[in-house]
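Here the structure comes first, spelled out in structure tokens, and everything after it is commentary.
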2 protein chains.
Amino acid sequence: MKLRHLTFRLLEVYVATVRTGSVTAAARQLHLTQPTVSQQLKRLAEAVGEPLLQSGAAGVETTEAGSELYRAALDVTGRFDDYQDYLAELRGGRRGHFSIALVNTAQYVLPRLLGPYSRAFPDVDVTVQIGNRQQLLGRFDRQLDDIYVFSHPPSLEHALAARFLRNPLVMVAPENHPLAQRAEVESTDLARERFLLREPGSATRMLFESWLQGQGVQLSGILQMASNEAIRVGVTSGMGLAVLSQHVLPAVNPGLVVLPVRHFPIESHWYFIVRRDRRLPHAARGFLRFASDRVEHCLPLEYVRNEIPSLLASLGATAESSAS
Amino acid sequence: MKLRHLTFRLLEVYVATVRTGSVTAAARQLHLTQPTVSQQLKRLAEAVGEPLLQSGAAGVETTEAGSELYRAALDVTGRFDDYQDYLAELRGGRRGHFSIALVNTAQYVLPRLLGPYSRAFPDVDVTVQIGNRQQLLGRFDRQLDDIYVFSHPPSLEHALAARFLRNPLVMVAPENHPLAQRAEVESTDLARERFLLREPGSATRMLFESWLQGQGVQLSGILQMASNEAIRVGVTSGMGLAVLSQHVLPAVNPGLVVLPVRHFPIESHWYFIVRRDRRLPHAARGFLRFASDRVEHCLPLEYVRNEIPSLLASLGATAESSAS
DNA sequence: AAGACTCATAGATAATTATCTATATACATA
DNA sequence: TATGTATATAGATAATTATCTATGAGTCTT
């Protein structure tokens, strides 16, 4: 039996013939002529190597090999119908998997989108990667994830970016700090303060340093700490000052005050980034759609800045209809 | 998704690729060149409408749509492997169905072949039809059965025949009948006897009548009875004489004697008959093979005359390799 | 015996497939 | 940075497929 040249179309024709019990009726059903169907059936029988049909009273009836083939054909087409259903779910973004990579800071806000999303799409598996900016840039280069959340997008040559949330950076101090009493703090006041900063390359640090440069101020004492949490606790216990994303601070933060520094807060934004060259899984696209629809409900309205629609639009224009 | 042009060959190529995780390796395995495989995969992906593979570390790996397709492909090819197994059994005559039609007389001997056959091939369904010669000829014309057993073959224009068993016709009388005492009975002695005969057209009757004609004898009293059993009992109880197949008589037959009529017994044979124009099911062929092999063991050796091998040979020559 | 159906066969053709060789591109590793 | 290894693309071609129209050949039903 030469299965190789057996097509699903052939099985379809065969099934229609057996169902109707007539070559002519099958031809009508499939919008073919009767000889076409006859010939297809002949080819099929040749492929199987056994007669499948014999002329019966009215029309044709199956031989033994034929009725077993009919069963097999139904099973097979049924299995593929299931596969089609699966594909439909995949395409609709209702099933599947995607991976999203967050810079540390973003882990304070993204769950408020990802949580509702997971509840709405329980059949989608989401992998969340968290790392510092450096690590994420590495992952981005190696194309390990589908969506990235940066506070400052990398080179846009290979990527598309859309802001979705303001990320104001504020300066915090322990509540008993001398500057905490002032109505306004000048940049020059900061020169002799000790600062707790994230590692170089961190977006927060980069922005702060470029702000300092703009102000012509040079810091004296710097203490590098690996995590925002550690910094917050460090500030509270009087180790120094820090610049942090406002989202990192709890709603009430006993022991900490935000300093009224002139030209603060430093405005920045979080971006959703997707690679231009990598095909976005349907589920990832579904998440972006979801985020675009719901970001106003899931996150504080005054921070939202929803540019996702234009990102989706550019995606729709490029990534559609590319295969393997 | 256009399933229609999807072939099993394509799935085979795909499965090989996923298994080996490499286009090149799959190509080697299938004795194709690498570009051929690449192109097949491309076609497959187009048919599905989703990318199925993406370049991974070494070789390729499946996308989500791809791994589900892999599962589907395995299911489908597995189902067809089952079907192939079924076909193999069918072809080997180990499974399936056939129908055999016997003239009444033959029902005394055929079970001795059919019984052992059914035990040896429990997965074959056999339909046994029994009727008088007239009925069987009707079935033969309408091509209702696969094998016929006649004591006298019909026109051989559309049929092949093979003797397998002698069928001597003997004349029986009640044991107290005057002729039963004689050392030899002449045909002329029969003219005034009453005979119990089967219906006209019955092979036994035809042969007896043509024997009578050859002897120039005309019978006076005829009593027609529908069954051999009835005739046997009728003879025993003194209603008259009869000509019966020797096989119809029990080994010991109290009350009955076989008359030593000159030129008796009338020699005849049973034939297996198959139609030339009708494809013989594998199972039917299997039965003939079995009968040919075992007829000497299943039936009294002195009656056997096995011409089945030449029947099988002519079948092999003609009926092979015809489809639908 | 003529009609009306059903299915099969023949011949034709445009489209598609299967397959190759040659070449380009991408990536990893020495 | 060169060099091999893996995959993709292009161009070519023979084979196969899908499909048609026209026609032949069996069966029933009048």
Inset, instruction - Given side chain to side chain contact (heavy atoms under 4.5 Å, CB included), test B:Leu53 with B:Thr63 step by step and report yes or no. - result: CA-CA 5 Å; B:Leu53 298 168; B:Thr63 62; 5.9 Å; no
Legend entry - B:Phe140/B:Tyr148 under ring pair (Phe, Tyr, Trp, His ring centres under 6.0 Å): CA gap, chis, key distance, verdict: CA-CA 8 Å; B:Phe140 180 85; B:Tyr148 299 84; 5.1 Å; yes
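Rounded to whole angstrom, the span from the CZ atom of B:Arg9 across to the P atom of D:dT16 amounts to 14 Å. For A:Gln54 and C:dA8, the CD to P distance is 12 Å, given to the nearest whole Å. Nucleotide D:dT17 holds its C1' atom 8 Å from the CD atom of A:Gln40, rounded to whole Å. Following rounding to the nearest Å, B:Glu61 (CD) and C:dC27 (P) show an atom-to-atom distance of 14 Å. We find that CZ of B:Arg43 is positioned 10 Å from P of C:dT19, with the value rounded to whole Å. Rounded to whole angstrom, the span from the CD atom of B:Gln39 across to the C1' atom of C:dA22 amounts to 15 Å. Rounding to whole angstrom units, CG of residue B:Leu6 and P of C:dT17 are separated by 11 Å. B:Phe8 has its CZ atom 15 Å from the P atom of D:dT17, to the nearest Å.
Comparing C:dC20, D:dC20, C:dA18 by their nearest atom to the side chain of B:Leu32 picks out C:dC20. When the nucleotides C:dA10, C:dC7, D:dT7 are ranked by their closest atom to the side chain of A:Pro35, C:dA10 comes out on top. For B:Gln34, taking side-chain heavy atoms from C-beta onward, the closest of the listed nucleotides D:dT7, D:dA18, C:dC7 is D:dT7. Residue B:Thr7 has its side chain nearest to C:dA18 when only C:dA18, C:dA8, D:dT7 are considered.
Base contact: A:Thr36 has a heavy atom under 4.0 Å from a base atom. In this structure, A:Val37 reaches neither bases nor backbone, as no heavy-atom distance under 4.0 Å exists between it and the strands shown.
Inter-axis angle, ends of the helix from C:dA1-D:dT30 to C:dA30-D:dT1, five pairs per end, rounded to 10 degrees: 30°.
The side chain of A:Thr24 contributes an N or O atom lying less than 4.0 Å from OP1 or OP2 of C:dC7. A sub-4.0 Å separation between OP1 or OP2 of D:dA6 and a side-chain N or O of B:Ser22 is absent.
Salt bridge A:Glu50/B:Arg91: present, at least one basic N to carboxylate O contact under 4.0 Å. Under the 4.0 Å criterion applied to side-chain N and carboxylate O atoms, B:Arg43 and B:Glu46 are not assigned as salt-bridge partners. B:Glu64 and A:Arg279 are not joined by a salt bridge, as no carboxylate oxygen comes within less than 4.0 angstrom of a charged side-chain nitrogen.
Taking the six-membered ring wherever Trp is involved, the centroid distance between the rings of A:Phe8 and A:Phe80 falls below 6.0 Å.
A side-chain N or O of A:Ser38 and one of A:Gln34 form a donor-acceptor pair less than 3.5 Å apart.
Each of B:Ser38 and B:Gln143 was matched to the nucleotide of DNA chain D holding its nearest heavy atom; the match closer to the 5' end belongs to B:Ser38.
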